[in-house]
K.L.:
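Structure incoming, see below.
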Amino acid sequence: CSDSDLGPISLNWFEELSSEAPP
Amino acid sequence: NEAEQSTPVLFDGLTEENLQFVSKLKDSSSSCAVDVSTVWWEAAGCRELCVVTACENSVSLWKPLAPDHWGKVYTWQLGEIPVIQIIPLLDTCNLICIALGNLEIGEIRLLLYSSENDSFKQSLVKTGNIKAVLGLKDRRLVSSSRSMQEQEVEVVSFSETGRSKHGQTLMPPEETVLAFAEVEGVKDALVGTTAVNSIVVWNLKTGQLLKKMHVGYSYPASICHRAYSDSGLLFVVLSHPHAKESESCGNPAFRVIAFNPKTARSTGVIFSSLPPGHAGRYVEGEVKDALAAAVLSSGAIAVWDLLLGRCTALLPPGPAGGWALVRWGAAGAGLLAGRGDGSVCLYRYA
């Protein structure tokens, strides 16, 4: 695997997933 | 004699000993060490890092008396249910958490000293069919438990005096959670590994289940030991008690995997395999920062530098018998290694 296989990376992954996930 | 019996074996031409025998604790009244840990303990205005040893039916607190010497302060006698493990509570003082049960955890108890009435006490925190438990920062404890069809993942908080405060429920995944790790670098993030080899991510503040990511089929029954976030990736340190030996990776004990939590894709970063030529398997172990230690089925203890992916020291079983458990002490206390005869040895790692 190379890093490109990991897909687009977000530094704010935790905040973004928290806003997307059901409460 | 003890030092001679337990001289670490070094690999790859290392020129200095990085694991040095310091001292030994032996509880004459106990026959088998179940677990060992360190705890901050304050008495008469003096705060010290103490050692906690657990046997099946008792837990003892040891304080440093003189360099390399330990004295038993108190022993809590437990009931008929055997002690299974000590659950370290980070950044706490005068609080020891233990899990009791037979094959699985059935009870979590808190052992403490009450200055109100100058006595050592114990209190029940939780009962149930508990599958996994971890002490978190800020005097909190997370556990997963099963009741019939449903799984409950709960966070319990303690006051400084050990009183249980409100519990918060986290959204459970379908599969059973078998281990937890707090995510360093992201406040309120928690990960867990499940019975079907997935990594799940929670928001501790809201209780949301944020993501489920599969580890892969090559390494069944992976257990998470540590997690940290860096540059938008979630790095998870896993142990692999059931991994198959391969030509490329040898016999892997620990593995660091980088996950992209946005896409759930992952890549292996580094393998830490059993020393070359060493027969046996990973039995149990612990990770602290970039160091991992494990008891191998040969009765030896191996230490790895996870950044190098290399075994840096090996403690052979010795004439007194094989090692049964290994833990990292808090605050640079080094390595705590327990034998089946109830003795615990402390080693300095530098």
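Numbered from 1 within each chain, the chains take letters A, B, ... in sequence-line order. No experiment lies behind these values; they were computed from the predicted model shown.
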K.L.:
What closest approach, in Å, do B:L210 and A:A21 show between heavy atoms, and which atom pair accounts for it?
P.N.:
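Scanning both residues, the minimum pair turns out to be CD2-CB, 3.9 Å.
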
K.L.:
Enter the distance from A:I9:CD1 to B:L233:CG here, rounded to the nearest 0.5 Å.
P.N.:
4.0 Å

K.L.:
Please report the shortest heavy-atom distance between B:G232 and A:W13, naming the atom on each side.
P.N.:
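So the minimum-distance heavy-atom pair works out to O-CD1, 3.7 Å.
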
K.L.:
Which atom names give the shortest non-hydrogen contact between B:N203 and A:S18, and what distance separates them?
P.N.:
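Heavy atoms only, the tightest pair is ND2-OG, 3.0 Å.
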
K.L.:
Taking all atoms of both residues into account, what is the closest heavy-atom pair of B:W202 and A:F14, and its distance?
P.N.:
O-CE1, 3.7 Å

K.L.:
Is a salt bridge present between B:K262 and A:E20, judged by a nitrogen-to-oxygen distance below 4.0 Å?
P.N.:
yes

K.L.:
Relative to chain A, which of B:N260, B:V183, B:L209 shows the most heavy atom pairs under 4.5 Å?
P.N.:
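Max contact count across the listed options: B:N260.
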
K.L.:
For B:D188, is it the side chain, the backbone, both, or neither that has a heavy atom closer than 4.5 Å to a heavy atom of chain A?
P.N.:
both

K.L.:
Do A:P23 and B:T206 have side chains that get closer than 4.5 Å, going by heavy atoms?
P.N.:
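No, their side chains stay 4.5 Å or more apart.
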
K.L.:
Show the nearest heavy-atom pair for residues B:R265 and A:D5, with the distance to one decimal.
P.N.:
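For B:R265 and A:D5, the tightest heavy-atom pair comes out as CD-O, 2.8 Å.
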
K.L.:
Evaluate the side-chain proximity of A:L6 to B:T267: yes if any heavy-atom separation is below 4.5 Å, no if none is.
P.N.:
yes

K.L.:
Do any N or O atoms from the side chain of B:T263 and from the backbone of A:G7 form a donor-acceptor pair under 3.5 angstrom?
P.N.:
no

